[in-house]
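Remember, predicted model here, so these are calculated numbers, not experimental data. In what follows, residues are counted from 1 in the order of the sequence shown. Excluded from the calculations below are hydrogen atoms, water molecules and symmetry mates; all remaining heavy atoms, backbone and side chain alike, are included.
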Amino acid sequence: MRPVKLSIVLDWLKSEGFLSGDSVLCNETDFEIAGFASVDLAGDADASFWVGDTVKSETNANGFASSLLGKVHAGLLFVPRGLAVDLSVAPSVRCIVPVENPYHAMVRFLEKFAGEPAGAPFIAESARVHASAVVEGSVGENAVVGPGCVIMRGATLGAGCVLEANVTVYPNVVVGENCVFQAGAVVGSRGFGFYEYGGVRRPVPHPAGVRIGHDCSFGANSVVAAGFLTPTTIGDHCHFDSFVQIAHNCRLGNNIYMASQSAVAGSVIVEDDVEFAGGAKAAGHLTIGKGARIAAKAGVTKSVPAGRTVSGFPADEISRWRRSMVRLRQMGEK
């Protein structure tokens, strides 16, 4: 997003009916808001929000504990109106704004101020770009952009990357070097997120984009969705088959392999060296530990410890699942 003065943001919040009286608490008279991030990662120039520690957020994540507010360094922080949150509780926050619904206020802030990233397109001389491709972002040395591809403004494609036919790269996507995207892959599309406010279910914007490391490959028609306040991230040497779905806000480590039609829902953490067999799925807000194996068609509904192999639905340790299947078959034969 382009930097915006706090005074402009506050005037807009007042015009939209978010502010009540003189409730805004600021350490400084005016400064620039230059970005946005989750409350635990926000910096001095970022906008963020806190929903309280006794409720869950609209994305069903556990609330950030009030005892940790002293460590928050946000520039602008939306908090629930009526809670005892002031500058003594969060001394490193530059401006606290109590509102009726912090999540809704944050979404509206993003819709107003976190527009499409700026930046002039750059195409390295050694890059090969098909005549039918549309490139508004940046393309590195020796990259190949195939027919029908679209690289939107604010996206960056690293050196040696290959985009086959009809690949779409959305704004605020940064791809490292030597990554391959097969036909139809989509990176940085809006995540499937909604929240309810005023009796209406509303879409959540996902302007935080995607960050991908080096030497990764993405199969045909695979999708990596953009993050809400922090980017969806993928490490190095990760390989995804066709029709793989990586949802918004996920954080994937290195050396991850996912076979066709496997998927992880929003805000899943996948540690290094994990493998998903064909059709395996993981529900949102879980952690898949380092070196875990998810068997074909498994449905993961709770976090998987490091090194564990799970199977079935709901997914269970594979030897126990096999014994259960044998017992079930025996019962059916009686």
Do [X] and [Y] have side chains that get closer than 4.5 Å, going by heavy atoms?
X      : Y      : result
Leu163 : Ile151 : yes
Val145 : Leu157 : yes
Leu10  : Val97  : yes

Quick one: closest heavy-atom pair of [X] and [Y], and the distance?
X      : Y      : value
Tyr195 : His104 : OH-ND1, 2.6 Å
Ala292 : Pro305 : CB-O, 4.0 Å
Val167 : Gln182 : CG2-O, 3.4 Å

Next item on the list: Decide whether Ser38 and Asp40 meet the rule of one side-chain donor and one side-chain acceptor closer than 3.5 Å.
Entry: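 On atom types as modelled, these side chains qualify, holding a pair under 3.5 Å.
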Next item on the list: Answer with yes or no whether the side chains of Thr156 and Ser138 bring together a donor and an acceptor at under 3.5 Å.
Entry: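 No donor-acceptor contact under 3.5 Å links the two side chains.
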Checklist line | Members besides Val162 in its Ile/Leu/Val/Met/Phe/Trp/Tyr cluster (side-chain heavy atoms under 4.5 Å) | finding: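 For the cluster that includes Val162, the remaining residues are Val144, Val180.
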Would you tabulate the side-chain donor-acceptor contacts of residues 306-318 under 3.5 Å, counting partners in other chains and residues two or more places apart, or write 'none'?
from	atom 1	to	atom 2	distance (Å)
Asp316	OD1	Arg320	NE	3.2
Asp316	OD1	Arg320	NH2	2.7
Asp316	OD2	Arg320	NE	2.9
Glu317	OE1	Ser319	N	3.1
Glu317	OE1	Ser319	OG	2.3
Glu317	OE1	Arg320	N	3.2
Glu317	OE2	Ser319	OG	3.3

Hey, can you pull the donor-acceptor pairs under 3.5 Å for the side chains in residues 222-234, sequence neighbours left out?
from	atom 1	to	atom 2	distance (Å)
Ser222	OG	Gly219	O	2.7
Thr232	OG1	Ala225	O	2.7
Thr232	OG1	Gly227	N	3.4
Thr232	OG1	Asn249	N	2.9

Note to self: How about CZ on Arg293, more than 12 heavy atoms from neighbouring residues, nucleotides or ligands closer than 6.0 Å, or not?
What the structure shows: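 More than 12 within 6.0 Å, yes.
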Notebook entry, point to check: Does NZ in Lys71 sit with more than 12 non-hydrogen atoms of other residues, nucleotides or ligands closer than 6.0 Å?
Noted result: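 No, not enclosed.
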Next item on the list: Using the test ring-ring contact (aromatic ring centres under 6.0 Å, His included), find all partners of Phe109 that sit at least two apart in sequence or belong to another chain.
Entry: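 In terms of ring-ring contact (aromatic ring centres under 6.0 Å, His included), with neighbours along the sequence ignored, Phe109 is linked to Phe113.
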Checklist line | Pairing residues for Phe31 by the ring-ring contact (aromatic ring centres under 6.0 Å, His included) criterion, not counting sequence neighbours | finding: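 For Phe31, no residue satisfies ring-ring contact (aromatic ring centres under 6.0 Å, His included) once neighbours in sequence are set aside.
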Check: Does the side-chain contact (heavy atoms from CB on, under 4.5 Å) test come out yes or no for Leu6 and Arg94, once each step is laid out?
Finding: CA-CA 10 Å; Leu6 173 67; Arg94 300 169 80 180; over 6 Å; no
Notebook entry, point to check: Out of curiosity, Arg251 CZ to Glu271 CD, how far, rounded to the nearest 0.5 Å?
Noted result: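 If I round to the nearest 0.5 Å, the distance is 10.0 Å.
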Check: Between CG of Asp30 and CD1 of Ile8, what distance do you get to the nearest 0.5 Å?
Finding: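 The distance works out to 8.0 Å.
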Under 3.5 Å, which donor-acceptor pairs do the side chains of residues 197-218 form with other protein atoms, sequence neighbours left out?
from	atom 1	to	atom 2	distance (Å)
Tyr197	OH	Glu100	OE1	3.2
Arg202	NE	Tyr197	O	3.2
Arg202	NH2	Tyr197	O	3.4
His206	ND1	Gly191	N	3.4
His206	ND1	Val204	O	2.9
Arg211	NH1	Asn172	O	2.9
Arg211	NH1	Asn172	OD1	3.4
Arg211	NH2	Asn172	OD1	3.0
His214	ND1	Glu177	N	2.8
Ser217	OG	His239	ND1	2.7

